[in-house]
Amino acid sequence: MAARACGGYGPDPAAGPARTRRPEDDGPGPGSGAPWRPAYDPPGPLHRAGARGRVHHGVMLLAPLARVSGEVAETSARSRKIALIAEVFRDAEPEDVPVVIAYLSGRLPQGRIGVGWSALKDPPPPAAEASLTVREVDAAFTALAAVSGPGAQAQRRRLVGELLGRATEREQRFLTGVVAGEVRQGALDAVAVEALAIAAGAQPAAVRRAVMLAGSVSRVAERLLAEGPGALAAFRLTVGSPVLPMLAQSAPSVADAAQRLGGCAVEEKLDGIRVQVHRDGEAVRVFTRTLDEITDRLPEVAAAARALAGDRFVLDGEVIALGADGRPRPFQEVAGRVGSRTDVATAAAAVPLSAVFFDVLAEDGAGLLDLPYTRRHAALARLVPEELRVRRVVVDDGEAGRAAGEAFLRETLGRGHEGVVAKGLDTVYGAGRRGAGWLKVKPVHTLDLVVLAAEWGHGRRTGTLSNLHLGALRPDGTFAMLGKTFKGLTDAMLAWQTERLRELAVDDDGFTVRVRPELVVEIAYDGLQRSTRYPAGVALRFARVLRHRPDKRPQDADTVETVLAGRD
DNA sequence: TTCCGACAGTGGGGTCGCAAT
DNA sequence: ATTGCGACCCCACTATCGGAA
């Protein structure tokens with residue numbers, strides 16, 4: 001195996017750095033001793049805008065938003081965060097509302113604009129006085145989003161530099177957080193929705209529902225603040241407009257899931273890309289989990305939707321790729337295919353996709369979200385032939401039912417699929433929710449691996465060694481890195497491992513601490529994926545720490561051979 | 001009073017497309 | 001041609017707040 005020849009324990013240097021750089025890296029970073037804290041940004045000029053957040057002639061400044069974001073980050077009480085943000089919403093000019101809502105829920109109205117940490121990491125010296133208006137900033141981002149073609153990167157950096165140069169230190173921090181999608185103020189969409197409800201005098205539940213149906217807070221906010229609570233009724237499920245998909249929680253076993261749900265349906269869980277398919281007459285649109293439209297990339301899905309008997313419907317399902325043997329292809333192949341947009345015909349010929357459906361959100365143009373699972377499934381069965389639906393069994397609330405569910409999981413795994421999802425028979429479609437009415441069950445693998453290095457954490461993990469580099473034993477006693485993980489650690493485990501790894505440290509570049517390979521950790525993971533980054537040619541999927549094993553010696557860790565033998 | 005649902009945060013690997021080198 | 005970066009796909013898990021029980 002060629003990748004083996006690179007010899008080192010870690011990522012193949014030729015494959016590029018596995019780390020992500022952040023602005024903090026260049027400051028007095030977490031590795032340099034004292035925990036990193038934002039510099040104090042005094043009030044003063046900010047208050048030119050007044051406590052109500054705007055100057056007399058209705059031009060809203062950015063400064064009060066940045067200040068409120070800071071205050072929101074400072075308080076831990078959710079109710080206080082909501083009150084702070086509601087006040088800004090209430091006082092915003094109607095034209096500014098969509099922008100203000102987006103900024104205070106940590107996003108840009110333009111979405112992603114091609115600017116990441118790399119372009120933000122060396123900001124110019126901040127301005128002394130706050131002068132930027134919300135409208136100017138929004139115009140600047142609109143201009144940034146439009147930049148493309150040769151020279152785009154330099155042009156973007158120049159524009160970002162110009163904008164940040166006019167911002168105070170606090171405003172710079174706020175803007176970079178919004179652009180990078182990491183405001184870290186402990187308030188995103190859910191808090192914005194509550195605040196919006198207060199600002200508009202509407203019921204939070206009604207606002208939340210409208211947001212799920214509209215797919216965005218801003219679209220609801222605009223109309224709600226302009227027209228009042230009556231505007232909420234206009235947000236209904238519409239064929240052609242995507243709604244946020246319902247998500248599942250995890251359960252350790254089918255028996256556990258069945259216990260919690262009572263009688264339930266157990267459906268196979270396919271390892272592909274979630275799709276929401278809308279058909280209105282001949283018009284078909286396909287959306288991803290985050291509501292991006294990918295219709296043009298999935299011609300076979302659109303064709304399948306047109307071939308169905310119904311005329312106006314919305315289906316929820318998964319696209320997967322099946323091999324000649326009928327078994328599912330690895331997720332990576334499906335993701336590559338769905339991600340291909342330049343030459344769809346060639347990509348489709350190489351990896352044909354199949355859509356498999358498990359829910360229906362609208363039938364004959366009428367929304368079904370509030371119907372219980374059983375009735376939605378009946379509608380699904382009317383609309384979609386069995387071979388285009390996920391396999392399932394319905395089990396009752398008892399010993400025999402649980403056994404039947406477990407047997408169905410084993411059979412599903414035997415066919416090469418990822419696991420199952422147990423669904424309560426009375427569960428309504430909770431758009432945008434990770435409801436307890438859907439419980440996914442997947443097999444978990446475990447390994448004892450050795451910590452080779454650890455990275456300093458960010459945010460609430462600042463000052464702790466958080467992200468672990470994991471190695472499996474080679475026959476010659478060295479280690480092959482299989483991936484990293486920061487998951488599964490309690491605060492106590494984090495503190496303990498930071499102390500222990502400091503004792504084992506041999507090198508610290510301010511970002512990564514390399515250690516003597518002596519600490520064994522028990523790792524859970526979902527499976528292996530092909531990797532060009534790591535020397536064994538595979539990486540762990542969804543690795544997380546179960547526990548530290550200081551009782552185990554590194555030479556007792558699992559070997560590369562063991563890991564590869566467990567491969568499907 | 002205790003329990004539990006919903007959120008936010010902290011990042012993981014892979015793949016594609018585009019611009020820079 | 002190769003590399004770097006950003007956008008999106010998939011995602012697990014813990015801490016916390018505040019309402020439900």
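Please read these numbers as outputs of a predicted model, since none were measured by experiment. Hydrogens, waters and symmetry mates play no part in the numbers below; they use all other heavy atoms, side chains included. Per chain, numbering begins at 1; letters A, B, ... match sequence-line order.
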Identify whether any heavy atom of A:Thr342 sits under 4.0 Å from a base atom; if not, whether one sits that close to sugar-phosphate; answer base, sugar-phosphate or nothing.
sugar-phosphate
Atom-to-atom span, CD of A:Glu318 to C1' of C:dC10 - whole angstrom
9 Å
A:Leu108 CG to C:dG6 P, in whole Å, measures 14 Å
Just checking A:Gly435: base, sugar-phosphate only, or nothing, at a heavy-atom cut-off of under 4.0 Å?
nothing
Where the side chain of A:Arg544 is concerned, which of C:dC13, B:dG14, B:dA8 is the nearest nucleotide?
C:dC13
Under 4.0 Å from OP1 or OP2 of C:dA12: is there any side-chain N or O of A:Lys442 that close?
yes
Going by number, which of residues 289-300 of chain A have a non-hydrogen atom under 4.0 Å from DNA chain C?
A:Arg289, A:Thr290, A:Asp292
Anything under 3.5 Å between a donor and an acceptor, one on a side chain of residues 191-198 of chain A, the other on a protein residue two or more places apart or in another chain? List them.
residue, atom, partner, partner atom, Å
A:Glu194, OE2, A:Arg208, NH1, 2.9

Quick check: on DNA chain B, is the nucleotide nearest A:Arg156 upstream (toward 5') of the one nearest A:Ala335, or the reverse? Name the residue that is more 5'.
A:Ala335
Position toward the 5' end of DNA chain B (nearest nucleotide), A:Arg434 or A:Gly149
A:Arg434
Does B:dT10 have its OP1 or OP2 closer than 4.0 Å to a side-chain nitrogen or oxygen of A:Asn467?
no
Looking at A:His458, does any N or O in its side chain come under 4.0 Å of the phosphate oxygens OP1/OP2 on B:dG9?
no
Test your reading of the model: is there a side-chain donor-acceptor pair from A:Gln172 to the backbone of A:Leu164, 3.5 Å cut-off?
yes
Pairs involving residues 422-433 of chain A, ordered by first then second residue, that meet salt bridge (Lys or Arg N to Asp or Glu O under 4.0 Å) (sequence neighbours left out)
A:Glu267-A:Lys423
Give one of base, sugar-phosphate or nothing for A:Ala119, where a contact means two heavy atoms less than 4.0 Å apart.
sugar-phosphate
Could you give the CD-to-C1' distance, from A:Gln249 to C:dA12, as a whole number of Å?
13 Å
Rounded to whole angstroms, how far apart are CG on A:Leu494 and P on C:dC13?
16 Å
Look at the rings of A:Trp438 and A:Tyr429 and say which category their plane angle falls in: under 30° parallel, 30 to 60° tilted, over 60° perpendicular.
perpendicular
Are OP1 or OP2 of B:dT15 and a side-chain N or O of A:Gln332 less than 4.0 angstrom apart?
yes
Sugar-phosphate only, base, or nothing, as touched by A:Ala152 at under 4.0 Å among non-hydrogen atoms:
sugar-phosphate
State which residues pass salt bridge (charged side-chain N to carboxylate O under 4.0 Å, His left out) with A:Lys269; sequence neighbours excluded, sorted by chain then number.
A:Glu418
OP1 or OP2 of C:dA7 less than 4.0 angstrom from a side-chain nitrogen or oxygen of A:Arg112, does that happen here?
yes
Assert: residue with more 5' nearest nucleotide on DNA chain C, out of A:Val179 and A:Ser250, is A:Val179
Between A:Thr75 and A:Glu71, is there a donor-acceptor pair closer than 3.5 Å when you use the side chain of the first and the backbone of the second?
no
For the pair A:Gln185 (side chain) and A:Val72 (backbone), establish whether a donor and an acceptor sit closer than 3.5 Å, ignoring hydrogens and angles.
no
In whole angstroms, the gap separating C1' of B:dG12 from CZ of A:Phe486 amounts to 5 Å
A:Ala543 near the nucleic acid: base, sugar-phosphate alone, or nothing, with a heavy-atom cut-off under 4.0 Å?
nothing
Whichever of A:Phe331 and A:Gly114 has its nearest DNA chain C nucleotide further upstream toward 5'
A:Gly114
Run the salt-bridge test on A:Arg514 and A:Asp509 with the 4.0 Å N-O cut-off and return the result as yes or no.
no
Can you tell me which nucleotide in B:dA19, B:dG17, B:dT15 comes closest to the side chain of A:Arg530?
B:dT15
Indicate whether any N or O donor in one side chain lies under 3.5 Å from an N or O acceptor in the other, for A:Ser69 and A:Arg170.
no
Over all strands shown, is A:Val334 touching base, sugar-phosphate only, or nothing at heavy-atom distances under 4.0 angstrom?
nothing
NA contact type, A:Ala187, heavy-atom cut-off 4.0 Å: base, sugar-phosphate, or nothing?
sugar-phosphate
Within less than 4.0 Å of OP1 or OP2 of B:dG14, is there a side-chain N or O belonging to A:Ser531?
yes
Through what angle, rounded to 10 degrees, does the axis of the helix from B:dA8-C:dT14 to B:dT21-C:dA1 turn between its ends, using five pairs per end?
20°
A:Lys440 side-chain proximity, nearest of C:dG6, C:dC11, C:dC9:
C:dC11
Nucleotide B:dA8, atom P - distance to NZ of A:Lys81 in whole Å:
10 Å
Spacing between A:Phe542 atom CZ and C:dC13 atom P, to the nearest angstrom:
11 Å
Touch check for A:Leu546, heavy atoms < 4.0 angstrom, all strands: base, sugar-phosphate only, or nothing?
nothing
Just by distance, with hydrogens left out, do A:Arg158 and A:Gln155 show a side-chain donor and acceptor under 3.5 Å apart?
yes
Distance-only donor-acceptor check, side chains A:Ser218 and A:Ser216, under 3.5 Å:
no
Lys/Arg-Asp/Glu bridge criterion (N-O < 4.0 Å) met for A:Arg297, A:Asp292:
no
Anything under 30° is parallel, anything over 60° is perpendicular, the rest tilted; go ahead and classify A:Phe141 against A:Tyr103.
perpendicular
For A:Gln529 and C:dA12, what is the distance between atoms CD and P respectively, to the nearest whole Å?
13 Å
Under 4.0 angstrom, heavy atoms only, what part of the nucleic acid is A:Asp189 near: base, sugar-phosphate, or nothing?
sugar-phosphate
Is it true that A:Arg460 and A:Asp491 make a salt bridge, defined as a side-chain N closer than 4.0 Å to a carboxylate O?
yes
At under 4.0 Å between heavy atoms, how does the protein contact nucleotides 14-21 of chain C? Give one character per nucleotide, 5' to 3', with B, S or -.
SS-SS---
Counting just side-chain N and O atoms, does A:Lys269 come under 4.0 Å of either OP1 or OP2 of C:dC10?
no
Please identify which of these residues, A:Lys487, A:Arg541, A:Lys440, A:Lys442, meets the salt bridge (charged side-chain N to carboxylate O under 4.0 Å, His left out) condition with A:Asp526.
A:Lys442
Which of these nucleotides, C:dC11, B:dA6, B:dG13, is closest to any side-chain atom of A:Ala539?
B:dG13
